[in-house]
Amino acid sequence: MGNNNESGHVMRAARRLAVGLVSAALLIGAAGPAAVADGGPTTLRAASRNLLIGTAVGLPQLDTDPTYSQILATQFDSVTPENAMKWDTTEPQPGVFNFAPADHIVAFAKDHGQRVRGHTLVWHSQLPSWVTNGNWTPDQLRDILRRHIMVEAGHFKGQVYAWDVVNEPLDDSAILRDTIFLQKLGPGYIADAFRWAHEAAPNAKLYINDYNVEGINAKSTAYYDLIKGLLAEGVPVSGFGIQGHLGIQYGFPDQIQANIQRFVDLGLEVSFTEVDVRMPLPVTEAKLATQADYYSRLLEPCLAVKGCVGFTVWGFTDKYSWATYFAGQGAATIYDENYNPKPAYWAVLADLAARGRR
Ligand code: G3I
């Protein structure tokens, strides 16, 4: 396990020293990102080389908050609309499509030379009520699902380089989640969704995406088996998305590098798609240091495996992070609510700069 081995510890110790020095410099007001290393990269984007460093992007802050858009443009080379490509936004009424919010984010990305991850075509959450309450026959729901995927993936053809085609199809017991799609269409809806997405956007990478699958555990193993079966049937799955929503109070997952490697060995690419590390509030220096360590220990195994192609954080500032959803928790991102880079930012920058892509 690369993230537990001796060289990993040495790297982290060196990085912690660098982070400590930079933090100390910041405290005396003497340093910004340029202090990481003389002549070294000063943004995540510049440091990331062959790895796409990404972030979720929310509206309306993209338009209303110039600091937000400035950091977004300069620090990241991939963006994922946090909500704008979800079904409740893109098809709020049957057959009535609304791509304006997502088009706006895609245009921003294009203007700044950024790639776009599409999130998401099929999910049990953020479904409009007309889908969930429609009392559809299986044939009707199948047609609805097909139209939704074909129209949305078709609209963004050539603009979205990777789609989260099916999001969170397993539940916390590692069995198929009891969604309206499973109930009415059976497990074959997953294969169908990938085939339709491939038909609509043949060049896009097509992902299954979920949380609690960072390390080797029952859920990630269930995905391994599910995807192996889909590939054996010729279903065009090409990526496994590891969301990476962690909390420092829950401990750190085991065997991340081995987990990434086994999906890469199936012929897939792997990406971290929604990384954040929340903590019980209030924030302390010690919690921020643990948080920085968690970010590093997710990123390092990704950097160590060639097929791990992306590392996306689920928002970059605590000002807009979804993590406040958990009562008494938060501060999950790499910048605080005033856009000061946190130790986690420096840890990610130092890791990218030190390790890059082997
Ligand atoms: O846009 C409406 C606004 O008009 C309304 O006034 C307000 C009142 O509650 O709600 C707004 O919508 C909210 C939306 O975020 C935009 O802010 C929804 O209520 C809220 O439920 C929604 O939360 C999103 C959540 O997914 C929904 O499940 C979060 O922003 C988003 O970060 C989160 O992202 C998910 C990924 O898609 C999948 N993996 C887990 C991840 C975290 O839950």
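In this text, all values refer to a predicted model and were calculated from it rather than measured experimentally. Both counts, for ligands and for their atoms, begin at 1 and track the order of listing.
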Handout entry: Contacting atoms of ligand 1, where contact means under 4.0 angstrom from a heavy atom of Ser125
Key = 28 (O)

Problem - Top protein contact for atom 32 (O) of ligand 1, by heavy-atom distance - result: Glu82 OE2, 2.4 Å

Handout entry: Protein contact of atom 43 (O) of ligand 1 - nearest heavy atom, named by residue and atom, plus distance
Key = Trp322 CZ3, 3.0 Å

Practice task
Give a yes or no on whether atom 18 (C) of ligand 1 lies under 4.0 Å from any heavy atom of the protein.
Solution key: no

Problem - Protein residue, atom and distance nearest to atom 22 (C) of ligand 1, heavy-atom basis - result: Gln126 NE2, 4.0 Å

Exercise for the section: Using protein heavy atoms only, decide if any is under 4.0 Å from atom 5 (C) of ligand 1. Expected result: no

Exercise for the section: Answer yes if the side chains of Asn83 and His119 hold a donor-acceptor pair under 3.5 Å, and no otherwise. Expected result: no

Problem - Aromatic Tyr211 / basic Lys219 pairing, under 6.0 angstrom, 45° off normal - result: yes

Exercise for the section: Please check if any side-chain donor atom of Gln75 sits under 3.5 Å from a side-chain acceptor atom of Tyr345, or the reverse. Expected result: yes

Exercise for the section: Please check atom 25 (C) of ligand 1 for a protein heavy-atom neighbour under 4.0 Å. Expected result: yes

Problem - Asn209 (side chain) donor-acceptor with Asn167 (main chain) under 3.5 angstrom - result: no

Practice task
Considering only protein heavy atoms, determine whether one is less than 4.0 Å from atom 8 (C) of ligand 1.
Solution key: no

Practice task
Please confirm whether Glu168 comes within less than 3.5 Å of ligand 1 when only nitrogen or oxygen atoms on both sides are compared.
Solution key: yes

Problem - Shared hydrophobic cluster, Trp123 / Leu127 (ILVMFWY, side-chain heavy atoms < 4.5 Å) - result: no

Handout entry: Residue portion contacting ligand 1 (non-hydrogen atoms closer than 4.0 Å) for Trp314
Key = side chain

Problem - Lys86 N/O to ligand 1 N/O under 3.5 Å - result: yes

Distance-only donor-acceptor hits, side chain of residues 187-197, under 3.5 Å, sequence neighbours excluded:
| residue | atom | partner | partner atom | Å |
| --- | --- | --- | --- | --- |
| Asp192 | OD2 | Arg142 | NE | 3.4 |
| Asp192 | OD2 | Arg142 | NH2 | 3.2 |
| Arg195 | NH2 | Glu233 | O | 3.3 |

Handout entry: Side-chain donor/acceptor of Glu274 to backbone N/O of Glu82, under 3.5 Å
Key = no

Handout entry: Within 6.0 Å of NZ in Lys205, more than 12 heavy atoms from elsewhere
Key = no

Exercise for the section: Report yes or no: do Ile216 and Val305 belong to one cluster of Ile/Leu/Val/Met/Phe/Trp/Tyr joined by side chain heavy-atom distances under 4.5 Å? Expected result: no

Exercise for the section: Answer yes or no for Arg45 and Phe76: cation-pi contact, defined as NZ/CZ to six-membered ring centre under 6.0 Å and angle to ring axis within 45°. Expected result: no

Exercise for the section: Return yes if a side-chain donor-acceptor contact under 3.5 Å exists between Thr333 and Asp276, otherwise no. Expected result: no

Practice task
Within a distance under 4.0 Å of any heavy atom of Gln243, pick out the atoms of ligand 1 and give their elements.
Solution key: 39 (N), 40 (C)

Exercise for the section: Indicate, as side chain, backbone, both or neither, the part of Asn209 found under 4.0 angstrom from ligand 1 when only non-hydrogen atoms are considered. Expected result: neither

Handout entry: Residue, atom name and distance, where the atom is the protein heavy atom closest to atom 23 (O) of ligand 1
Key = Asn83 OD1, 4.3 Å

Handout entry: Heavy atom of the protein closest to atom 40 (C) of ligand 1 (residue, atom name, distance)
Key = Glu274 OE1, 3.3 Å

Practice task
Report the part of Trp123 in contact with ligand 1, treating N, CA, C, O as backbone and CB onward as side chain, heavy atoms under 4.0 Å; options are side chain, backbone, both, neither.
Solution key: side chain

Exercise for the section: Spell out, as yes or no, whether a donor-acceptor pair under 3.5 Å connects the side chain of Arg177 to the backbone of Glu168. Expected result: yes

Handout entry: Nearest-contact summary for atom 36 (C) of ligand 1 - protein heavy atom, Å
Key = His119 NE2, 3.4 Å

Practice task
Specify whether the nearest protein heavy atom to atom 11 (C) of ligand 1 is under 4.0 angstrom away.
Solution key: no

Fill in the blank from the handout: For Asn167, the atoms of ligand 1 under 4.0 Å from one of its heavy atoms are 38 (C)

